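First the structure, in the form of structure tokens, and then the observations on it.
This is a predicted model, so every value here is computed, not measured. Residues: numbered from 1 along the sequence shown.
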Amino acid sequence: IDGGPSSTVSTGIDKPFAVVSDEKNVYIVSAGTDPNNNSADGKILRCAVTGCAAFDVLIDKQDWPHAIAMDDKAIYWANFYGGQIMKLAK
């Protein structure tokens with residue numbers, strides 16, 4: 001890290017909880033609304049590392065997603081209230 005000023009990659013995300021990136025994209029966990037509503041409206045989003053006006057919704061209807069990791073082939077996250085570890089090909 002060479003320091004310098006920070007910059008905004010994207011805005012307007014409902015409860016951004018975790019972020020991971022590779023050389024091209026930033027992957028964001030949007031936890032969604034209050035889990036006590038049983039809404040399961042969390043999302044995994046993607047945005048270019050250079051920034052984006054609108055992000056890609058890779059998957060929705062997730063049950064309060066938290067944490068995110070990835071390897072060269074897939075993205076992984078945990079659905080806290082669903083009790084699941086999820087995987088999606090990049």
Q. Which other residues end up in the same hydrophobic cluster as Ile85, if Ile, Leu, Val, Met, Phe, Trp and Tyr are linked when side-chain heavy atoms come under 4.5 Å apart?
A. none

Q.
Less than 4.5 Å apart, side chain to side chain, heavy atoms only: is that true for Trp77 and Lys87?
A. no

Q: Sequence neighbours left out, what passes salt bridge (Lys or Arg N to Asp or Glu O under 4.0 Å) with Lys90? Give chain and number order.
A: Asp22

Q: Give a yes or no on whether Val49 and Ile13 share a hydrophobic cluster (residues Ile, Leu, Val, Met, Phe, Trp, Tyr; joining criterion: side-chain heavy atoms under 4.5 Å apart).
A: yes

Q | Heavy-atom check, side chain of Lys61 versus side chain of Asp41, under 4.5 Å | A | no

Q: Taking the side chain as every heavy atom from C-beta outward, state whether Val19 and Tyr27 have any pair of such atoms under 4.5 Å apart.
A: no

Q.
Show the nearest heavy-atom pair for residues Ser30 and Pro65, with the distance to one decimal.
A. O-CG, 3.6 Å

Q. Leu58, Phe55: one ILVMFWY side-chain cluster at the under-4.5 Å cut-off?
A. no

Q) Restricting to pairs with a member in residues 43-54, which pass side chain to side chain donor-acceptor pair (under 3.5 Å), not counting sequence neighbours? A) Arg46-Asp56

Q | Closest non-hydrogen atom pair, Pro16 against Ile28 | A | CB-CG2, 4.3 Å

Q. Under a 4.5 Å cut-off applied to non-hydrogen side-chain atoms, are Asn79 and Trp64 in contact?
A. no

Q) Can you tell me how far the CD1 atom of Ile68 sits from the CE atom of Met70, to the nearest 0.5 Å? A) 8.5 Å

Q) Do Ile75 and Val29 share a hydrophobic cluster (ILVMFWY, side-chain heavy atoms under 4.5 Å, transitive)? A) yes

Q: Could you please spell out the steps behind the side-chain contact (heavy atoms from CB on, under 4.5 Å) verdict for Leu88 and Tyr76?
A: CA-CA 7 Å; Leu88 181 69; Tyr76 307 86; over 6 Å; no

